[in-house]
Amino acid sequence: MNTVISSSSTRCPVETTLGVIGGKWKGVIIYSLLGGTKRFNEIRKIYPQVTHHTLTLQLRELEREGLISRKVYNQVPPKVEYSLTEFGRTLEPMLLMMKEWGYLYEERVKANNEVVEEEPELY
């Protein structure tokens with residue numbers, strides 16, 4: 001998805017952000033690259049649920065958006081590395097806040113489930 005927005009657009013900035021990094025895998029791909037450069041298979045090992053095809057598409061879209069860079073080494077077998085661009089690094093504070101919120105949410109859900117499990121059955 002290549003997001004092009006005109007200067008006269010009245011689109012919500014949150015909608016713009018989600019249009020660029022939204023979806024199931026883009027945010028976690030970017031998050032994994034916060035730790036440094038990774039090869040394709042390293043990312044696959046972190047997220048084995050993502051298919052080869054989907055990961056390829058998501059990486060291409062992130063590269064097209066200018067958030068990651070792709071470096072190809074001229075060797076056999078081919079070696080390709082992905083890293084965040086300077087612009088991609090601007091997402092770090094937001095992703096770290098999302099990580100913290102995710103922890104809070106998981107704790108809340110766990111606490112609510114424990115309360116539900118402790119209630120006696122009424123039938």
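The basis for the numbers below is simple: all heavy atoms, side chains too, and nothing from hydrogens, waters or symmetry mates.
- Chaining together hydrophobic side chains whose heavy atoms lie under 4.5 Å apart places Y105 alongside W101, V109.
- The two residues S83 and T37 have their closest heavy-atom pair at CB-OG1, 3.4 Å.
- When the ring pair (Phe, Tyr, Trp, His ring centres under 6.0 Å) test is applied to F40, the partners found at least two apart in sequence or on another chain are H52.
- The stretch residues 87-105 participates, sequence neighbours left out, in these salt bridge (Lys or Arg N to Asp or Glu O under 4.0 Å) pairs: R89-E92.
- In this structure, Y47 contributes its side chain and W25 its backbone to no donor-acceptor pair below 3.5 Å.
- The minimum heavy-atom distance between Y31 and L95, with the atom names listed, is N-CD1, 4.0 Å.
- Judged as a side-chain hydrogen bond (donor to acceptor under 3.5 Å, both in side chains), and not counting sequence neighbours, the contacts of T51 are T54.
- Scanning for side-chain hydrogen bond (donor to acceptor under 3.5 Å, both in side chains) contacts around E81 gives Y73, with sequence neighbours left out.
- Between L55 and I29 there is a side-chain heavy-atom pair separated by less than 4.5 Å.
- Grouping the Ile, Leu, Val, Met, Phe, Trp and Tyr side chains by contacts below 4.5 angstrom, directly or via other members, places L34 with V20.
- Applying the side chain to side chain contact (heavy atoms under 4.5 Å, CB included) test to V76 and every residue at least two apart in sequence or in another chain returns nothing.
- The NE2 atom of H53 sits 10.0 Å away from atom CD of Q58, with the distance rounded to the nearest 0.5 Å.
- By the rule that hydrophobic residues join a cluster once side-chain heavy atoms approach within less than 4.5 Å of another member, L62 and L57 end up as members of separate clusters.
- Judged purely by atom type and a 3.5 angstrom limit, S32 has no side-chain atom pairing as donor or acceptor with the backbone of I43.
- Dense packing is recorded around CD of Q75, with more than 12 heavy atoms of other residues, nucleotides or ligands lying under 6.0 Å away.
- Within the structure, no pair that satisfies the salt bridge (Lys or Arg N to Asp or Glu O under 4.0 Å) test touches residues 38-47, not counting sequence neighbours.
- Hydrophobic clustering, defined by side-chain heavy atoms of Ile, Leu, Val, Met, Phe, Trp and Tyr closer than 4.5 Å, leaves L104 isolated from every other such residue.
- Evaluation of the side chain to side chain contact (heavy atoms under 4.5 Å, CB included) rule for T90 yields F87 as partners, not counting sequence neighbours.
- The 12-atom threshold is exceeded at NZ of K79, counting heavy atoms of other residues, nucleotides or ligands nearer than 6.0 Å.
- When all heavy atoms of I68 and L59 are compared, the pair lying nearest together is CD1-O, 3.4 Å.
- For Y103, there are no ring pair (Phe, Tyr, Trp, His ring centres under 6.0 Å) partners two or more places apart in sequence or in a different chain.
- Remark: M94 pairs with T17, I21, L91, M98 by the side chain to side chain contact (heavy atoms under 4.5 Å, CB included) rule, at least two apart or across chains.
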